[in-house]
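Notes to accompany the following structure.
Worth knowing before you read on, the calculation uses all heavy atoms, side chains too, and leaves out hydrogens, waters and symmetry mates. Computed from a predicted structure; not experimentally measured. In what follows, every chain begins at residue 1, and chains take the letters A, B, ... in the order their sequences are listed.
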Amino acid sequence: MEPLLAVAIGILFAAAIYMMLRRSIVKLVIGLMLLSNAANLLIFATAGMTRGAPPLVPQGLTAPEGAVADPLPQALVLTAIVIAFGVLSFAVVLVRRAWEVVRADDLDKMKDTDT
Amino acid sequence: MQLAVLGGFVVASLVPLLHRWFGAGTARVLALLPAAIAAWLLAQWPVIAAGETLWLEWAWVPGLDITLTFLIDGLAWLFAMLISMIGTLVLLYAGDYLHGHRDLPRFLVVITAFMMSMLGLVLADNLVTLFVFWELTSITSYLLIGFNHTDPAARKSAQQGLFVTVGGGLALLAGFVMLALAGDSWSLAELNTRGEQLKAHVLYLPLLICVLLGAFTKSAQFPFHFWLPNAMAAPTPVSAYLHSATMVKAGVYLLARLHPALGGTEPWVITLSLVGALTMASGAFLAIQHTNVKTLLAYSTVMALGTLTMLLGIGTEAALTAFVVFLLAHSLYKGALFMVAGILDHETGTRDVTAMGGLRHAMPCTALVAVVAALSLAGLPPLLGFIGKELMLESLLAAAAYRAVILPLAFLAAFLTLAVAAVVAIRPFFGPLRQTPSAPREASFGMLAGPALLAALSLLFGLAPRLLDSLVGATVAGIGAGSAEVHLALWHGINLPLLLSLASLGLGALVFRRWDRLRAWLARLEPLMARGPEAGYEALMSGMVDLAEWQTRFLQSGYLRNYLVITLLVLLGLVGHALLLRHTPSITFTLDIYFHEAVAAGLMVAGAVSACVMRSRLAAVAAVGVMGFSIALTFVLFSAPDLAITQLLVETLTVILLVLVLFRLPRFATLSTPAERLRDLAVAGLSGGLVTLLMLAVLSGERLPRISDYMVANSQPLGRGHNIVNVILVDFRALDTLGEMFVLALAASGVYAMLRFHAEEYAARDAGHTRRSDDG
């Protein structure tokens, strides 16, 4: 699965960067979302993917039986997902606010500080 | 001694306080400091004269092998003595010269700091310490040249002096590092015993070039000489002290100090003697073109510095003896002449020698001092300058190398200098009295004491040169010529140098008589002069500004996408280069995919791509949602239930938030041209491809052992939790989670503030509406 995901992640990154290069500020935010998802997936997939062995300890045991998926990248990605959401919600509200003030979605029209 | 020097800096910082107590007398009180140092040095003289070296050690940064060791041998003693003695006189002089000046305390702060830096520079044994003091003199010199900071010309000159000397200082630092590498030591004394090792070292040539650059810029050697005449924008006491007697000699001092370590090789001899001779001749030649007495003297200082460098380049014992005598003579007469120039400026209100005349009646003492000092400058008996010049000519005649080039230049410099001396001593004081901007009066005692003492010393040492035998001997030994037996005499008998002196006397007199006509004729060379090294400096400076402007406009466009593109291209270049060229990529993989997994990946890609091409915001948001949910599906399929739950929650919230917030916004407009889109697509595609390649390369590489085994094993026993990911989050890496909570809280309060602000604004507007409708 990893090689296929590698290609998918590449496309996600490409889409994210393409969107971030647009002049529309909403597209920039969408690009940001794509980028954080792609990065999370990259960390998750690069650490190795395991089918059907979640990092859980069965009740009554002190350690999982047999090999389980690596829990550390999962913990990292979990933190990253939540942080990305925080950043995104801030960015979205900021976009909204900017639109109310400038009445434009165009980054090039936001060069003045006086509006 | 270290205490005296470091304490001196403290005293300098206390000057404003002293000024409050002593008022106008502050300068005289301050003069006690260098006077005490001079007295201390004098007390050490018997030890130095016996050929011994005085060591004063103090570990400064022991970890880096940097010591504040002071080394006092003949050479250091001579310089330290000149600095503290002339320093005392200059402080006395400055107290009167700047009497009542608003910024006198500031002046005294800086000049005291300079004095201490200069002392540290000539006494330091450690290369790093020396360099620190070296740079301190550059900075204090900058502050002193720019003393009249309301004058744009003074600011410009100060900046020029700073750039030239500090630029050279950078080269010097590099040179010192190489010197320490090549000689395995930071101590000058040790390096001086390792001359053979250094000269054979592969770094010898680069380090010599760097050190020479530092010394040449500091000592205003051709082609860096132009900053020195411009530095005359400083008040005259500064010119007398920094720019003739002490600071500009720092470069010469360094060369003399390093002579045993680096001197005597062919590059050393060629560079020093030729650059020195060229500086000497051009300094004298440029001097006679000017009528401003300070500029005139400044160019003759350039000439003297060139002479000193040249003598060091020749490096024979006779040349080194001439070096020491010439150095001493120059410090004495040039200090005196500058102070006389300051008196003239102060009393008459002009610096133009052609505007002055007949002042001998109004200021007889000044006239006497000027004539004595000028005789020494001209190199006429019975003054010390004469002995210096005779020794120089003698050593030039004896030196075999490049005599054909150097001798004519030296002769030219000699008779032009004679003319300069005549101009300075005769034009202002003799002939008919001329009207000057202010009525001339005799200078005050404080201003006359300095030049009078210096001129008297010139005369004394000229008449009784044997007084100097042991000093010159010890200094020559310090420079490292070996034997220290020196016998100076005024009368050397009738020999070739004397004949040359006589010839130069005749020619010099001729130049002086025709000076006005000669100047008019030389003025025609102006266009040629305008293309000198100073023009090169100007071009370099404006070029630098242009380059900065161009690159700012090119790189700092203010458009986010341009920054992004540049960053990405650099990243692509660096990572791509490392990945494809330096690490032969061997990508091996086995395709082991189930159908439903492929569908999840396909949905992900479809969602991302359609988010890019949708024209409607809501559709784009929905497409991003599709991508997010299929990522959650992937997490489920690959043993990450916690991630899947979080992703589902967050994705749901995101979509709701986006729909709520962006609902009212219009459809996307087409803002960019097809060409721009093509360019962005190329950048994006390349970046994506690189990520794919990178990931495949990582996956084909050797797997490192996991670092989470400890967490897997201890999650239940230590953390009492069955979900290992959760235990990591709240226990093993709890601090990370705390940080994450802070970030979220911050984002939440930001969001709340923005929404709230908006709500209040609307409330206020609504209130306005209501009131208006009430009125209606």
Side-chain angles (χ1 to χ4, degrees), chain A residues 1-15 17-21 23-24 26 30 33-34 37 41-42 46 49-57 59 62-64 68-72 74-75 77-79 81-83 85-90 92-93 96-97 99 106-107 111, chain B residues 558 560-561 564 589 593 597 601 604-605 608-609 611-612 617 620 624 631 638-643 646-647 650 654 657-658 661-662 665 668 671-672 680-681 684-685 687-689 691-692 695-696 698-699 706 708 711 713 715-717 722-725 728-729 736 740 743-744 747 750-751 754:
Chain A
M1 182 64 182
E2 285 98 337
L4 181 65
L5 261 190
V7 176
I9 290 169
I11 296 173
L12 252 59
F13 265 107
I17 287 166
Y18 179 76
M19 287 302 262
M20 288 174 78
L21 290 173
R23 269 166 69 179
S24 159
V26 175
I30 292 178
M33 292 169 66
L34 294 174
N37 274 311
L41 209 54
L42 179 70
T46 314
M49 298 168 80
T50 318
R51 288 193 186 92
L56 298 172
V57 182
Q59 287 296 332
T62 55
V68 290
D70 193 346
L72 197 59
Q74 294 193 16
V77 171
L78 204 148
T79 310
I81 292 173
V82 178
I83 298 240
F85 175 67
V87 171
L88 177 78
S89 50
F90 188 83
V92 166
V93 176
R96 165 76 184 226
R97 195 74 196 122
W99 194 79
D106 188 351
L107 275 173
K111 289 185 82 176
Chain B
L560 177 68
R561 53 180 179 280
L564 260 178
F589 54 84
I593 305 168
E597 295 169 357
M604 206 188 294
V605 170
V609 172
C612 297
R617 275 155 214 270
V624 174
I631 289 177
F638 290 93
S639 329
D642 299 282
L643 285 188
T646 318
Q647 175 83 15
V650 162
T654 307
L657 181 78
L658 283 175
V661 170
L662 302 180
L665 269 60
F668 288 125
L671 294 172
S672 45
D680 296 346
L681 205 60
S687 312
V691 172
T692 303
M695 188 173 158
L696 287 175
V698 169
L699 289 171
R706 288 180 184 186
S708 57
M711 295 160 185
S715 169
Q716 207 279 329
H722 291 276
N723 185 329
I724 302 172
V725 175
I728 291 177
L729 284 176
D736 289 357
E740 178 193 356
V743 172
L744 278 187
V751 168
M754 274 193 282

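Interface residue B/A640: backbone and side-chain heavy atoms are both found under 4.5 Å from chain A. Contacts between B/V743 and chain A at a heavy-atom distance below 4.5 Å involve the side chain alone, from C-beta outward. B/L681 touches chain A through backbone and side chain together, each having a heavy atom under 4.5 Å away. For chain A, the nearby parts of B/M604 are the backbone and the side chain; heavy atoms of each come within less than 4.5 Å. With a 4.5 angstrom heavy-atom cutoff, A/M20 touches chain B via backbone and side-chain atoms both. With a threshold of 4.5 angstrom between heavy atoms, B/L699 approaches chain A through side-chain atoms but not through N, CA, C or O. The contact between B/V650 and chain A is made by backbone and side chain atoms together, counting heavy-atom distances below 4.5 Å.
Distance check, rounded to the nearest 0.5 Å: CD of B/Q647 to CG of A/L41 gives 8.5 Å. Rounding to the nearest 0.5 Å places OG1 of B/T646 at 5.5 Å from CD1 of A/I81. To the nearest 0.5 angstrom, A/L88 atom CG is 6.5 Å from B/L657 atom CG. For the atom pair A/L12 CG and B/I631 CD1, the distance stands at 5.5 Å (nearest 0.5 Å). Atoms CD and NE2, from A/Q59 and B/H722 in turn, are 4.0 Å apart once rounded to the nearest 0.5 Å.
Of the listed residues (B/G685, B/G750, B/A620, B/G688), the greatest number of heavy-atom pairs within a distance under 4.5 Å of chain A belongs to B/G688. Taking A/G52, A/P3, A/A63 one by one and counting their heavy-atom pairs under 4.5 Å with chain B, the maximum is reached by A/P3. Here B/S708 is the residue among B/S708, B/A747, B/A713 with the most heavy-atom pairs under 4.5 Å with chain A. The most heavy-atom pairs under 4.5 Å with chain B, out of A/V68, A/I9, A/L78, come from A/L78. Each of A/A15, A/G86, A/P71 has some count of heavy-atom pairs under 4.5 Å with chain B, and the biggest count is that of A/P71. For the set A/T62, A/V87, A/I30, A/L72, the entry with the most heavy-atom pairs within less than 4.5 Å of chain B is A/T62. Between chain B and the residues A/V93, A/D70, A/V7, A/T46, the largest count of heavy-atom pairs under 4.5 Å involves A/D70. In terms of non-hydrogen atom pairs under 4.5 Å with chain B, the most contact-rich of A/L56, A/I83, A/T50 is A/T50.
A/L42 is listed as a side-chain neighbour of B/V691, based on a closest heavy-atom distance under 4.5 Å. Side-chain contact between A/P64 and B/I724 is present, with heavy atoms from C-beta onward closer than 4.5 Å.
Checking side-chain atoms of B/T692 against main-chain N and O of A/A6 turns up a donor-acceptor pair under 3.5 Å. Between the side chain of A/Q74 and the main chain of B/S639, a donor-acceptor pair closer than 3.5 Å is present.
Across all non-hydrogen atoms, the minimal contact from B/V624 to A/M33 is CG1-CE, 3.1 Å. Of all heavy-atom pairs spanning B/M695 and A/E2, the tightest one is CE-O, 4.0 Å. Minimum interatomic distance between A/A75 and B/I728 (heavy atoms only, all atoms of both residues): CB-CG2, 3.6 Å.
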